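Worksheet for the structure shown next.
Only a predicted model underlies this, so the values are computations on that prediction, with no experimental measurement involved.
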Amino acid sequence: MKNNSFDIIVIGAGHAGCEAASAAAKMGASTALFTFNLDTIAQMSCNPSIGGIAKGQIVREIDALGGLMGQVIDKSAIQFRMLNVKKGPAVWGPRAQADKKLYQLIMKNILEEQENLEIIQDEVTDIHVKNNKISGLETIRGQIYRSKAVIITTGTFMKGMIYIGPFTTEAGRFGEPASKKLSVSLKRLGLKLGRLKTGTPARVNGKSIDYSKTEIQYGDKNIIPFSFSTEKIDVEQIPCFITRTTKKTKNIVKRNLKYSPLYSGKISGVGVRYCPSLEDKFVKFPSKESHHIFLEPEGRDTNEVYVNGASSSLPEKVQVKMIRSIAGLENVEIMRIGYAIDYDFVFPIQLKPSLEAKKIENLFFAGQINGTSGYEEAGGQGLIAGINACLVLKKKDPLILKRSDSYIGTLIDDLVTRGTEEPYRMFTSRAEYRLLLRADNADIRLMPYGKELGLVKKEDFKKMNKRKQKIEELKILARKKSIDDETAQNYILRSRSSADITIEKLKDCFDLCYGDAMTLYSDILYRGYINKMEHEIERLKKYENLAIPDKFDYSKIKGLKKESIEKLLKIRPVAIGQAMRISGITPADVTLLMFEVKKFGKERVKIK
């Protein structure tokens, strides 16, 4: 340890913390990353995978901005698959199964090698503030650290409580202590906290699975890397397997619901709507006799298998019976039991779009503490928080991505404008500009920002510009050049239900790599829709970026309803565009607000 003074301190070394610390250090800030345990940096607490529908888009956006997640999964994956391919390419989602220990080791090594970054094993217990501005923090060992900015990325650790039937224990993850004092410190600073719940399934010994009763699931032949800097991936892929619950599973769960802390009232946190426990599935979908279960290896050098879809907080003996009632798992050896966990989070409407707290200058939050679920959502927030903590210290405008720019921008706008009272998960349906926000074009959309911030290498930026130029030229050529006596555009439109064949045709016709052929295909397929969408975005720009002055007095706007005034005061939108998206704010309210705001001049908020 060099000293006790840093520009930026990041609390928590999960997926948000790793991205935040890396970005801040790369941008020249002296940075410290605090973690309970150096051996659990970037640990995959739940499923051993990165990406998926909407989530894969976020990972590629993180990479385009200069983040780490894409690079690390490319080096540690054991299987790659593109999800949702039966639908249009706008909603395809790249996903990779990870060797979870290798993922951790690679991420840890990258952070250890990063200049301007120190990693410290200690527990932060108190945040120090002077004149409503961050001044430092204190650890459980009584050490005081000075800091100009702090980013909190504590995941499920703040007052975390684990439940397995009647058994409860304070923990942030099973076997790791909870952070008990940090919540108290944040409440003392005037922040409103809530309680959320998530869970994880059992892990079993793969050698005890009867795979003959399961369906094998192979990886893709055409692997598209997550990172735009990865030239090619050539690894032996490990298959996953699919099975189903049985009638016996359903009966076991229903008979023992009274022992579930989820239904007995023990758990106070609100659960994940879109990733329910197995007991939740049988209660909420009573007519469904069985549910899919995915058996996912946790790495190349372990027999541990993740039983995806069987999350549970039932008593241990019940879980054993439940797991062994699933086809292929009748004689399985359970290595780790499933559990539920609830924890404190910060209501995200208390944050600015930069992820800085409205009440306390230079205090940032990212990840599950903001009410999200998932490694990818956490990583995207962490990257933006790290960037903006650095920019605020340099007295520069924050990076605030628009909804039309990225899934990350959509995610953050949803959190700080609409808030959440349940774990937020990103879906393609949440992004109204999803035809523009595809996984294949994230570099073209966002790499200029990463380059400007100093997070993207010159050679990667140059490569992106060449790719962009080539695709633009080919879009013009594709409307002229024939493929089997048809124009490429007509061929694509006629074959939209056979996207893989169409991409292969374009790949062969224009001598492209698979990723470039996919981008070309998508741009031509959606050309008409994209043009309309771009015109709509341009039309809304003048409203989106019109800044609302700090401490604007909404009560003085004549004709504005009391309910609307209360909502505007609660959210404190930074611009008209954000005000338009507040639930319950009507077009008439926006018209009145715009009229008053224009009196303050034509200042515009910087939204990149």
Item to check | From CA spacing to verdict: side chain to side chain contact (heavy atoms under 4.5 Å, CB included), Thr168, Ile162 | outcome: CA-CA 5 Å; Thr168 60; Ile162 280 175; over 6 Å; no
Would you say [X] has more than 12 foreign heavy atoms packed within less than 6.0 Å of its [atom1]?
| X | atom1 | result |
| --- | --- | --- |
| Gln114 | CD | yes |
| Tyr211 | OH | yes |
| Arg336 | CZ | no |

I'd like to check [X] versus [Y] (side-chain heavy atoms, cut-off strictly below 4.5 Å). Are they in contact?
| X | Y | answer |
| --- | --- | --- |
| Trp92 | Leu83 | no |
| Ile293 | Ile242 | no |
| Phe241 | Gln217 | no |
| Met161 | Thr156 | no |
| Met82 | Met518 | yes |
| Phe365 | Ile151 | no |

Next on the checklist: Before you tell me yes or no, could you show the steps for Leu351 and Leu415 under side chain to side chain contact (heavy atoms under 4.5 Å, CB included), namely the whole-Å CA-CA distance, both residues' side-chain angles and the distance that decides it to 0.1 Å?
Outcome noted: CA-CA 9 Å; Leu351 309 180; Leu415 291 174; over 6 Å; no
Would you check if there is a donor-acceptor pair between the side chains of [Y] and [X] at a distance under 3.5 Å?
| X | Y | answer |
| --- | --- | --- |
| Thr428 | Arg434 | no |
| Ser406 | Arg403 | no |
| Asp63 | Ser227 | yes |
| Asp440 | Tyr521 | no |
| Ser208 | Asn331 | no |
| Gln381 | Thr372 | yes |
| Thr246 | Thr249 | yes |

Checklist entry - Charged N to carboxylate O below 4.0 Å: is that the case for Lys180 and Glu170? => result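 Yes.
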Checklist entry - Is a salt bridge present between Arg445 and Asp405, judged by a nitrogen-to-oxygen distance below 4.0 Å? => result no
Next on the checklist: Pair Tyr343, Phe157 - check ring pair (Phe, Tyr, Trp, His ring centres under 6.0 Å), show working.
Outcome noted: CA-CA 7 Å; Tyr343 53 93; Phe157 277 75; 9.8 Å; no
Give a yes or no on whether the backbone of [Y] and the side-chain of [X] come within a donor-acceptor separation of less than 3.5 Å.
| X | Y | answer |
| --- | --- | --- |
| His15 | Gln43 | yes |
| Glu333 | Val204 | no |
| Glu61 | Tyr407 | yes |
| Glu304 | Thr302 | no |
| Thr153 | Ala16 | no |
| Asn441 | Arg438 | yes |
| Asp344 | Lys159 | no |
| Glu422 | Leu196 | no |
| Thr40 | Asn37 | yes |
| Gln79 | Ile238 | yes |

Could you tell me the separation between the [atom1] atom of [X] and the [atom2] atom of [Y], rounded to the nearest 0.5 Å?
| X | Y | atom1 | atom2 | answer |
| --- | --- | --- | --- | --- |
| Leu105 | Ile110 | CG | CD1 | 11.5 Å |
| Thr139 | Glu123 | OG1 | CD | 8.5 Å |
| Lys75 | Asn109 | NZ | CG | 9.0 Å |
| Ile164 | Lys317 | CD1 | NZ | 14.0 Å |

[X] to [Y] - nearest heavy-atom pair and separation:
| X | Y | result |
| --- | --- | --- |
| Tyr375 | Cys46 | OH-N, 2.9 Å |
| Leu437 | Gln57 | O-CG, 3.7 Å |
| Ala327 | Thr243 | O-OG1, 2.7 Å |
| Pro353 | Val416 | CA-CG2, 4.1 Å |

Checklist entry - What's the verdict on side chain to side chain contact (heavy atoms under 4.5 Å, CB included) for Asp342 and Thr198, showing C-alpha distance, side-chain angles and the deciding distance? => result CA-CA 6 Å; Asp342 63 359; Thr198 188; over 6 Å; no
Checklist entry - Can the ring centres of Phe347 and Phe345 be said to be less than 6.0 Å apart? => result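 That pair passes the under 6.0 Å test.
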Checklist entry - Hey, would you say the Phe174 and Tyr339 ring centroids sit under 6.0 Å apart? => result yes
Next on the checklist: Run the side chain to side chain donor-acceptor pair (under 3.5 Å) test on Glu504 and Asn222 for me, step by step, so that the C-alpha distance in whole Å, both residues' side-chain angles and the decisive distance to 0.1 Å come before the verdict.
Outcome noted: CA-CA 10 Å; Glu504 288 292 347; Asn222 290 307; 3.2 Å; yes
Checklist entry - What's the verdict on side chain to side chain donor-acceptor pair (under 3.5 Å) for Ser312 and Glu279, showing C-alpha distance, side-chain angles and the deciding distance? => result CA-CA 7 Å; Ser312 179; Glu279 50 261 44; 3.0 Å; yes
Item to check | Ring-face cation of Arg430 near Tyr424 (centre distance under 6.0 Å, axis angle within 45°) | outcome: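 Judged by the rule, Arg430 and Tyr424 form a cation-pi pair.
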Checklist entry - Could you walk me through whether Ser583 and Arg418 pass the side chain to side chain donor-acceptor pair (under 3.5 Å) check? => result CA-CA 7 Å; Ser583 177; Arg418 297 165 183 167; over 6 Å; no
Next on the checklist: For Phe80 and Ile233: C-alpha separation, side-chain torsions, deciding distance, then whether side chain to side chain contact (heavy atoms under 4.5 Å, CB included) applies.
Outcome noted: CA-CA 10 Å; Phe80 292 84; Ile233 293 174; 3.4 Å; yes
Next on the checklist: Going by salt bridge (charged side-chain N to carboxylate O under 4.0 Å, His left out), name the pairs with one or both residues in residues 90-108, residues two or more places apart or in two chains.
Outcome noted: Arg95-Glu296, Lys100-Glu298, Lys108-Glu112
